[in-house]
Amino acid sequence: MRADRPDPMQHAPSDPIARRAFLQRMGAAIALYGATGCTRAPAEQIVPYVTQPPDVVPGRPRMYATAFVLDGYATGVLVESHEGRPTKIEGNPEHPASLGATSAFEQASVLSLYDPDRMRAPRLNGTTASFAQVFAAVRRAALARREGEGLAIVLAPSSSPTLARVLRLVRERLPSARVFFHGSRARAAHEGARMVRGRVLERRHDLRRADVVVSLDDDFLARGPACARLAHDFASRRTPNSEGGMNRLYVFEPTFSATGTMADHRVRVRAHDIAAVAARLVREISKGRLAVPDVLADAAKGVVVDALARDLVAHRGRCAILVGASQPPVVHAMAHALDELLGNVGSTVTLAPSPLLEAGEPSHDARALAAHLRSGAVHTLLVLGTNVVYASPADLELEKLVRAVETSFYLGAFADETADACTMTMPEAHFLESWGDARAFDGTVSIVQPLVAPLHGARTSLDVLSALLSPSPQEPAPSSHALVRETMRVGHGGDAGFEAAWRRALRRGVTDDAPIAPVPPGELALDRHALAAALGAVRLPPPGALEIVFPTDERVHDGRFANNAWLLELPTVVTKLTWSNAATLSSATAARLGLSDGDEVDVTYEGRTARTVAHVVPGHADDSVAITLGWGRRGGETNARGRGVNAYALLGSGEAIGAGVTVRRTGAARALAVSQPNHDLHDREHHIARKTTLAALETRRTEREKRPVALPLYQLAPADTRQWGMAIDLSLCTGCSACVVACQAENNVPTVGPDGVAKGRIMHWLRVDAYVGGDRHAPDVTLQPMLCQHCEKAPCEYVCPVDATVHSSDGLNQMVYNRCVGTRFCSNNCPYKVRRFNWFDYHQGEPDVVALVRNPDVTVRQRGVMEKCTFCVQRIREHEIAVHRGDADVPPVRTACQATCPTGAIVFGDLADKGSTVARLHADERAYGALEELGTKPRVAYLARTKNPNPEIA
Ligand code: SF4
Ligand code: SF4
């Protein structure tokens with residue numbers, strides 16, 4: 001899993017082993033291990049239970065509900081545990097932010113639990129100490145002065161009811177202590193709401209009701225606290241047969257996002273100019289009722305914007321406008337105005353108080369924290385669960401300020417930048433090791449329950465705050481578990497029925513409490529004067545001026561996942577970049593600046609310079625450079641350290657978009673680890689990823705009736721058993737890549753590191769290909785999940801000299817690893833390039849703790865074998881065994897990729913059952929087989945991506 005693992009092939013030229021000696025050793029090895037090209041796993045002893053726990057059946061995993069929290073918002077998950085070892089995450093169907101699906105972050109989070117780089121022991125002034133010693137030192141320092149004077153506490157954004165209660169108690173005991181929340185992504189939205197609504201409210205969208213959806217620089221289908229839910233609701237209206245008709249999506253954005261690939265109309269604009277787009281919509285739709293400066297609205301003059309304004313008016317009350325977190329408050333304020341003008345409030349959007357603690361308060365302002373530290377008033381600083389030194393704008397100089405504090409304590413997962421700056425550190429528990437609670441985007445409360453005892457004795461923020469509250473160091477502080485139970489007991493109204501409610505909440509993953517109620521539309525007003533004043537203050541950089549954008553990264557977010565190899569190796573949605581960020585820009589801007597893809601560049605902004613690589617991205621806005629946050633880490637995390645460039649070092653003003661940037665070539669060039677060229681399809685892409693429009697479908701329907709019926713040359717043998725197959729609807733795939741990580745987690749797929757990716761050795765069994773077509777400057781991207789097609793007439797099977805790849809009676813193209821001799825003939829003959837060869841023993845040398853993440857139901861492949869999608873055969877067989885056993889209510893087989901997909905793009909099932917969804921989709925008018933003209937008879941049917949462009953501008 002680690003990128004720094006030595007690659008044997010890299011050392012081949014200077015290898016001291018002579019060819020003759022090498023052949024001798026190979027011969028001996030083959031004699032020892034038998035006549036296969038692969039190595040054999042070492043023999044290991046297993047020890048059965050002496051006294052078997054009554055609720056544990058070896059080999060039968062158990063599922064537990066808990067919640068994954070990101071930026072303070074919870075997503076409910078179900079965690080698969082094998083004899084007490086969490087191995088796989090699924091979505092929780094009962095949780096409103098999940099509805100059974102997850103994003104790639106939840107899928108990958110289980111790997112972070114077993115990260116060998118996690119902090120293992122507390123440290124006190126540079127030396128290892130016990131937890132008791134550090135807790136005592138923290139208490140002493142925090143309580144040293146009366147009423148908490150000189151104490152500052154920095155927390156990650158949170159919606160935890162228990163944390164709210166504990167903070168209240170801390171403030172009662174230490175009223176002079178200051179509390180800050182660091183790193184909220186919702187600040188601009190909160191400020192925008194306060195500007196025009198007079199209070200902090202969050203907009204909650206119901207995309208099931210929206211005929212027209214507009215994204216103003218918001219990648220809402222793949223990122224954000226409700227992305228899985230929004231993707232689910234959006235998808236419910238995204239196919240030609242959707243109830244209520246197919247929706248239409250307009251996207252205005254500077255960088256190509258997953259949401260942008262789904263657009264019916266995508267307009268690339270600088271991030272600054274999004275304000276002009278919103279202003280023009282407000283002016284056109286309000287017909288002068290709201291004051292909008294002409295200079296602003298005219299800056300967005302364009303055919304699509306004006307047609308969109310008319311489309312929105314035509315769908316009054318049935319449209320939704322979503323705004324990205326990096327847009328300034330004024331754009332969020334304009335979205336509120338558009339909601340009012342279009343009558344969307346109460347229909348496609350509701351407004352409700354934020355679930356985040358102290359949302360919109362100055363305690364969320366990193367500048368206020370820096371000013372407080374700079375004032376010299378802080379003698380004890382507690383940083384709990386947030387890498388404040390790394391993930392802050394450079395001009396705040398937080399590293400210097402934290403180092404200057406007399407006593408500083410950090411509770412963190414890794415020995416990262418903040419740990420290095422603090423005098424005391426303590427390992428932080430992973431969420432699968434923690435008790436806690438958190439609210440979803442709509443306020444639904446989940447209990448965070450541990451699946452495993454902390455691997456390194458780690459603690460939670462609640463544990464640390466609780467230690468401050470205990471009356472004396474001798475008296476044990478209440479545990480996180482006790483605190484969470486007490487919060488729920490108080491909310492429940494006492495002991496009566498509490499135990500049953502607690503158990504129900506643990507089982508379901510959500511409590512019985514109602515979500516946070518929206519504000520009735522009648523109680524909402526729009527402050528037009530405040531909006532007019534804010535619009536009057538908007539200044540756009542002149543046309544042609546270069547801007548810089550700092551979005552969070554789709555793989556490592558703000559840097560917190562930067563050591564997670566599954567996410568580092570996850571290709572970006574359009575350009576398939578892995579293991580790094582870069583300065584992305586359009587081909588026209590690159591040409592204007594004299595740059596080519598891969599040129600090393602110095603980016604200078606507000607007097608600070610960072611060195612990175614220019615990466616030309618199709619569909620990127622001109623005059624805009626984007627560098628994602630979260631890279632260029634310099635802490636103790638092996639995979640994260642030194643990868644990419646640290647955009648926080650440039651982020652001076654604290655705003656995610658800025659102007660006045662210069663980009664200069666250094667003269668050097670660097671290769672980027674890009675994955676898509678690995679799967680060269682020899683210009684046959686247009687046969688593979690098909691697309692159509694609603695109007696074209698109509699025409700095709702008529703043509704189809706006239707078309708002669710093709711007679712098949714081969715007749716399949718009559719199905720006397722189940723016939724497994726899959727259907728993938730390209731209209732629904734957003735490219736979020738949750739399925740890719742889910743497949744990796746389920747099937748023990750290794751990572752190969754950036755050098756391996758660059759050499760074409762990425763091992764993903766499932767990839768999401770991006771086909772860029774149309775206008776070079778405003779391209780259309782079609783995404784296509786690509787996996788083994790389990791062809792009926794499989795070209796790989798004919799050419800295997802040892803029958804290592806064969807067909808099963810239920811239609812699976814199987815790999816017999818123990819037979820594979822590694823000729824790779826099968827891969828050469830596969831038209832889809834989905835077979836991946838295990839060049840090395842990628843697990844060799846890994847610390848033992850990493851092996852704990854493996855799925856025991858799936859073989860860990862060793863060097864020298866070919867591998868590829870099995871249709872999650874272990875899940876199929878488990879299902880069959882359950883049916884055979886006579887279990888009641890055996891659920892249908894769901895492959896790992898299918899189970900996690902938020903849009904339901906992947907459907908798996910029995911093709912022999914003509915009433916099954918998969919059989920119906922195979923017969924759909926949009927269904928086709930990739931490269932079916934080759935006669936391979938793939939068992940995967942794709943449904944052509946359908947767009948619904950506005951007829952006015954199509
Ligand atoms: Fe995301 Fe995969 Fe589903 Fe596409 S198929 S939406 S990439 S989970
Ligand atoms: Fe991977 Fe299973 Fe999906 Fe195949 S069916 S791509 S093995 S998750």
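Along the sequence shown, residues carry numbers from 1. All values derive from a computational prediction rather than experimental measurement. Read the numbers this way: they start at 1 and go in the same order the structure lists the ligands and their atoms.
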| message | Taking the six-membered ring of Phe105 as reference, does the cationic atom of Arg223 (NZ for Lys, CZ for Arg) lie under 6.0 Å from its centre and within 45° of its axis? | response | no
| message | Taking the six-membered ring of Phe840 as reference, does the cationic atom of Arg863 (NZ for Lys, CZ for Arg) lie under 6.0 Å from its centre and within 45° of its axis? | response | no
| Does the side chain of Glu569 come under 3.5 Å of the side chain of Thr751 through a donor N or O and an acceptor N or O? | no
Have a look at ligand 1 and work out which part of [X], if any, has a heavy atom under 4.0 Å from it: side chain, backbone, both or neither.
X: Thr734; value: both
X: Ala231; value: neither
X: Cys901; value: both

| request: Using a 4.0 Å heavy-atom threshold (strictly under), name the region of Ile906 that reaches ligand 2: side chain, backbone, both or neither. | output: neither
With a 4.0 Å cut-off, would you call [X] and [Y] a salt bridge?
X: Arg722; Y: Asp810; answer: no
X: Arg945; Y: Asp729; answer: no
X: Asp206; Y: Arg229; answer: no

| Which of the atoms of ligand 2 are close to Leu787, meaning less than 4.0 Å from one of its heavy atoms? | 4 (Fe), 6 (S)
| note | min-distance protein heavy atom vs atom 3 (Fe) of ligand 2 -> Cys897 SG, 2.4 Å
| said: To check your reading of the model: name the closest protein heavy atom to atom 1 (Fe) of ligand 2, its residue, and the distance in Å. | reply: Cys743 SG, 2.3 Å
| query | Any N/O/S atom of Cys733 sitting less than 2.8 Å from atom 3 (Fe) of ligand 1, backbone or side chain? | reply | no
